K.L.:
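Mind looking over this structure? Questions follow.
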Protein chains: 2
Amino acid sequence: MARVLALLGVGVVPADTPVLRADDLGVLRGDGVFETMHVRGGQPWLLDRHLDRMSRSAALLAIPLPDRAALVELAGQACAAWPAADEAALRLVCTRGPEDGGPVTVYATVAPLAPAAVEARHTGVSVATATLAVPAEARPGAPWLLGGAKTLSYAVNMASLRWAAEQGVNEVLWTSADGYALEAPTATLVWLAGGVLYTVPAATTGILAGTTAAYLLEHAGELGMRAAERLVRPAELHSADGVWLASSVRGLTEVRTLDGVALGPSPETERMQKLLGYL
Amino acid sequence: MARVLALLGVGVVPADTPVLRADDLGVLRGDGVFETMHVRGGQPWLLDRHLDRMSRSAALLAIPLPDRAALVELAGQACAAWPAADEAALRLVCTRGPEDGGPVTVYATVAPLAPAAVEARHTGVSVATATLAVPAEARPGAPWLLGGAKTLSYAVNMASLRWAAEQGVNEVLWTSADGYALEAPTATLVWLAGGVLYTVPAATTGILAGTTAAYLLEHAGELGMRAAERLVRPAELHSADGVWLASSVRGLTEVRTLDGVALGPSPETERMQKLLGYL
């Protein structure tokens, strides 16, 4: 299925239109911010939360993000050109612009989901841990490390996923130098233990604060669960009552093996996916 | 002065021509490799070494870099459109290409040097240390961290330089979690102690192997110095006989203050710059 491309201030253009100059710092330096959202019923889900996070990312990078109304309009233009019955991924991108000080480059794309991503909601995923080599709580004290910012500099994220494929698994769970689980390259860790649904604290670790995970934990009461944040070691996850990766586009995916250890299936997966609207 | 832009297989086009699609992974994921070279007398200096490093970077990212002859031709096209009397910066960029599997995007730009970069050859620079939070020798054992690869994911490099400006200094010297000096965001550390010209070992630390620093150390004998690699702590640099940052475009810049401690000036700076051809 074709993609949709909308440019700020222009509207929808052919998806293969070149839009970035060779000297855009978004290209030369991965110097920009983005968000990816799930499009359902023709609308981006949790748009406000994603725009909040995009604002925080832009502030951390000192990038002058256009005002929210313009971004909402841009997202709307892109989604309006997509069949409302088909789920999709909406991406908003803002780069710093040309090296000599030009304006930011801002665009939205809508694209179909990879079939494997949809299938993983039902089959779960296999995961291997891989170190980020950074202590769990080192980044917030070093703002130049951009903890918590969703930037265009994802080369290590992509390399981690290629490494996973080489290991014969679907996903990576990054760990800290001191042995704690942090996050996946493009998803947030969530686990259930003793009736409590947990995620890793973003504020103290510098991981990305997951929007889908946050929504899930806020609504944990509807599932009869409590919610909390804490650090966890991979070995503890082996005996949890359920382990998942949460992502805006893929939704909630159960971890079925972690470093070769079989996990689950959890009887909660389907209820949680329904709560999030991915089933 | 205007920039030059040359596209692989096309040749020189207007420098503000948009060349990258919105879904190019070089943009969306900082998923690409690059090199920057000094253009002198209309030719890129150390082109072979830079192309060697670009090949290594591309292999680490599993990006199918075009063959060397095509890259040499591209560099030549870009440089031929630049006044031979003016020094400049040549950049070669290769992105992974569109997300759905399109071909790599490859281009070359030639641009003038920032006046401040040229001036720093004479005035030196002030530097503050900032941690990368990674142990000095952690990265080579974790290939997904892309140690040694020159990728387009430079958001942390750029944030480090913005942080430096906020501290009132020109440059950052990244340090490891265990307290060793590593590299600058866009330059290599070189220091002189006891007649030996040192740099930080790239193979064991995962820093970028600097082409300018390598050339300098290979020719240290012509300056009556020996050459070696080792780890060093910032405190040792305070009592070194000279401390420099080496970069392809800026050449050799003396560190004149490090974390507020005055250093130098070294009587060797001018000889070293002459050896490298930047004076």
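It should be emphasised that the depicted structure is a prediction, and the values quoted were computed from it without experimental measurement. Below, read A as the first sequence line, B as the second, and so on, with proteins coming before strands; counting in each chain starts at 1.
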K.L.:
Please report the shortest heavy-atom distance between B/Leu145 and A/Val156, naming the atom on each side.
P.N.:
O-CG2, 3.7 Å
K.L.:
Heavy-atom pairs under 4.5 Å with chain A are the metric here; pick the option from B/Thr109, B/Leu25, B/Asp23, B/Thr95 that has the most.
P.N.:
B/Asp23
K.L.:
Among A/Thr151, A/Asp16, A/Leu5, single out the residue with the greatest number of heavy-atom pairs under 4.5 Å to chain B.
P.N.:
A/Asp16
K.L.:
Let me know if B/Ala22 has heavy atoms under 4.5 Å from chain A in its side chain, its backbone, both or neither.
P.N.:
both
K.L.:
Between A/Gly30, A/Ser153, A/Ala177, which residue shows the highest count of heavy-atom pairs closer than 4.5 Å to chain B?
P.N.:
A/Ser153
K.L.:
Side chain, backbone, both or neither: which part of B/Val93 has an atom under 4.5 Å from a heavy atom of chain A?
P.N.:
side chain
K.L.:
Just give me the residue among B/Ala159, B/Ala133, B/Ser160 that pairs up with chain A most often, heavy atom to heavy atom, under 4.5 Å.
P.N.:
B/Ala133
K.L.:
Is it the backbone or the side chain of B/Thr186 that comes under 4.5 Å from a heavy atom of chain A, or both, or neither?
P.N.:
side chain
K.L.:
Between B/Val19, B/Val172, B/Leu152, B/Leu146, which shows the greatest number of heavy-atom pairs under 4.5 Å with chain A?
P.N.:
B/Leu152
K.L.:
Could you tell me which of B/Arg96, B/Met158, B/Arg162, B/Glu166 has the largest number of non-hydrogen atom pairs under 4.5 Å with chain A?
P.N.:
B/Arg162
K.L.:
Go through the atoms of B/Ala130 and report whether side chain, backbone, both or neither lie under 4.5 Å from a heavy atom of chain A.
P.N.:
both
K.L.:
With a 4.5 angstrom heavy-atom cut-off, could you sort out which part of A/Ser176 is near chain B: side chain, backbone, both or neither?
P.N.:
neither
K.L.:
Is the shortest side-chain heavy-atom distance between A/Arg91 and B/Leu28 below 4.5 Å?
P.N.:
yes
K.L.:
Of the backbone (N, CA, C, O) and the side chain (C-beta and beyond), which part of B/Leu60 lies under 4.5 Å from a heavy atom of chain A, both, or neither?
P.N.:
backbone
K.L.:
For the side chain of A/Arg21 and the backbone of B/Ala15, is there at least one donor-acceptor N/O pair under 3.5 Å apart?
P.N.:
no
K.L.:
So does B/Thr131 get a backbone contact from the side chain of A/Trp144, meaning a donor-acceptor N/O pair under 3.5 Å?
P.N.:
yes
K.L.:
Tell me, do B/Glu99 and A/Arg3 make a side-chain contact under 4.5 Å, heavy atoms counted?
P.N.:
yes
K.L.:
Quick one: which of A/Asp100, A/Asp24, A/Leu61, A/Asp31 has the most heavy-atom pairs under 4.5 Å with chain B, could you say?
P.N.:
A/Leu61
